[in-house]
Amino acid sequence: IMPRFTFERKQLIDLYVTKDLSLEQVAKHLDTSPRTIADALKLHGIKAGAGAREINTAEFDKLTKIGDSVLIPWTY
């Protein structure tokens with residue numbers, strides 16, 4: 001898949017993952033279509049779509065008292 005435009009992985013992660021913008025919002029910000037953004041995310045190995053940014057919450061079960069902490073892996 002070759003998107004019409006190329007976007008830097010860092011920029012896509014900042015907008016889509018860190019700022020949690022939707023495909024439509026990222027597309028508007030970068031003056032392109034949501035489909036182009038979806039293709040660019042795929043090209044850079046960033047998961048998109050329903051449930052793509054969900055985290056495994058099993059680690060939360062280990063929290064038993066105030067002050068406990070766990071590491072939650074985040075992949076994109």
Side-chain angles (χ1 to χ4, degrees):
I1 297 174
M2 273 310 276
R4 237 178 64 203
F5 304 99
T6 57
F7 303 102
E8 291 187 27
R9 186 174 201 274
K10 183 178 177 181
Q11 182 180 35
L12 293 170
I13 288 172
D14 178 55
L15 295 171
Y16 188 69
V17 178
T18 306
K19 293 183 179 171
D20 199 28
L21 300 180
S22 67
L23 288 177
E24 291 77 14
Q25 291 169 318
V26 174
K28 186 174 181 177
H29 184 78
L30 297 175
D31 195 30
T32 191
S33 73
R35 180 68 208 168
T36 299
I37 295 301
D39 289 347
L41 291 172
K42 186 173 185 175
L43 182 71
H44 286 291
I46 303 168
K47 293 180 182 178
R53 292 182 278 179
E54 292 180 5
I55 59 171
N56 180 350
T57 57
E59 289 293 309
F60 291 128
D61 294 337
K62 296 178 183 176
L63 301 173
T64 58
K65 62 182 184 285
I66 294 174
D68 281 354
S69 64
V70 293
L71 293 177
I72 305 295
W74 181 265
T75 57
Y76 48 83

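For the numbers below, each heavy atom of this structure counts, side chains included, while hydrogens, waters and symmetry mates do not. Fair warning: this is a prediction, and the values are worked out from it, not measured in the lab.
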Would you name the heavy atoms of [X] and [Y] that are closest together and state the gap between them?
X	Y	result
Gly45	Arg9	O-NH2, 4.3 Å
His44	Glu8	NE2-C, 4.2 Å
Ser33	Ala27	C-CB, 3.4 Å

Could you state the interatomic distance from [atom1] ([X]) to [atom2] ([Y]), rounded to the nearest 0.5 Å?
X	Y	atom1	atom2	answer
Gln25	Leu30	CD	CG	12.0 Å
Leu43	Ile37	CG	CD1	11.5 Å
Leu21	His29	CG	NE2	8.0 Å

- Message: Test of understanding: with salt bridge (Lys or Arg N to Asp or Glu O under 4.0 Å), list the residues that count as partners of Lys65, not counting sequence neighbours.
- Response: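 Counting only residues at least two positions away or on another chain, Lys65 forms a salt bridge (Lys or Arg N to Asp or Glu O under 4.0 Å) with Asp68.
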- Task: Indicate yes or no: does Arg35 engage Asp39 in a salt bridge with an N to O separation below 4.0 Å.
- Result: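 Yes.
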- Item | Student check: side-chain heavy atoms of Val26 and Leu41 closer than 4.5 Å |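 Counting from C-beta outward, Val26 and Leu41 never come under 4.5 Å.
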- Task: State, with a plain yes or no, whether a side-chain heavy atom of Thr32 is found less than 4.5 Å away from one of Phe7.
- Result: yes
- Set of residues satisfying side chain to side chain donor-acceptor pair (under 3.5 Å) with respect to Gln11, sequence neighbours excluded: none
